[in-house]
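What follows is a set of notes on a single structure, which appears directly below.
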Amino acid sequence: MLYNLSDIPTVDLKTTDGKTEVFSGVAPGTQTSVEVNGITVDLAVSSEDTVLQEFPGVQLERGAAYSALALGTASAPTVIWVQSETTTE
């Protein structure tokens, strides 16, 4: 999931090389999500052409939940990555 809990007009989640877009245009106060297969990937949260935070070597695993949270203000943004375990049967 990508949460935009900031006043940044839009945030995006892409691979760090910019070739693969996971989410784009997430507006303030909103979130978006997608299910993914297991993979190790380098990710970055950005706004327009500015990278706010990179997350290298992220291991996405089936049955786990991941979130990137964009917090703060456009002039002083903070982005964090969290993982929570879930059970699948």
Side-chain angles (χ1 to χ4, degrees):
M1 298 185 93
L2 176 59
Y3 292 87
N4 185 354
L5 304 175
S6 70
D7 68 357
I8 300 168
T10 61
V11 293
D12 311 310
L13 180 66
K14 302 178 183 180
T15 54
T16 55
D17 64 10
K19 292 182 181 179
T20 304
E21 190 173 89
V22 182
F23 306 116
S24 68
V26 179
T30 66
Q31 59 83 26
T32 189
S33 65
V34 66
E35 290 185 31
V36 297
N37 291 323
I39 188 172
T40 299
V41 64
D42 299 327
L43 295 171
V45 174
S46 60
S47 178
E48 298 180 7
D49 293 330
T50 303
V51 173
L52 304 175
Q53 181 72 48
E54 291 186 352
F55 301 100
V58 174
Q59 291 183 296
L60 302 175
E61 298 176 10
R62 185 172 185 210
Y66 305 89
S67 297
L69 295 89
L71 309 164
T73 64
S75 61
T78 299
V79 180
I80 59 173
W81 181 265
V82 294
Q83 174 185 354
S84 63
E85 296 294 325
T86 58
T87 303
T88 60
E89 297 182 44

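It should be emphasised that the depicted structure is a prediction, and the values quoted were computed from it without experimental measurement.
Separation of atoms CG (D12) and OG (S46) is listed at 4.5 Å; rounding is to 0.5 Å. To the nearest 0.5 Å, atoms CG (N4) and CG (L13) are separated by 12.5 Å. The CD atom of E54 sits 10.5 Å away from atom CG of L52, with the distance rounded to the nearest 0.5 Å. Taken from CD in Q53 to OG1 in T16, the straight-line distance is 12.0 Å, to the nearest 0.5 Å. If you take CG on L2 and OG on S67, they are separated by 9.0 Å, rounding to the nearest 0.5 Å.
More than 12 heavy-atom neighbours from other residues, nucleotides or ligands sit within 6.0 angstrom of CD on E21.
The side-chain heavy atoms of S6 and T73, taken from C-beta on, include no pair separated by under 4.5 Å.
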Pairs under 3.5 angstrom only: tabulate donor-acceptor contacts from the side chains of residues 25-44 to other protein residues two or more places apart or in another chain.
| unit_1 | atom_1 | unit_2 | atom_2 | d |
| --- | --- | --- | --- | --- |
| T30 | OG1 | A27 | N | 3.3 |
| T30 | OG1 | A27 | O | 2.6 |
| D42 | OD1 | G57 | N | 2.6 |

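In this structure, the ring pair (Phe, Tyr, Trp, His ring centres under 6.0 Å) partners of F55, at least two apart in sequence or on a different chain, are W81.
The hydrophobic cluster around L71 extends to M1, Y3, L5, L69, I80, V82, counting ILVMFWY residues whose side-chain heavy atoms fall within less than 4.5 Å of a member.
Between A70 and V79, the closest heavy-atom pair is CA-CG2, 4.2 Å. Contact detail for Q59 and Y66: the closest heavy-atom pair is O-OH, 3.2 Å.
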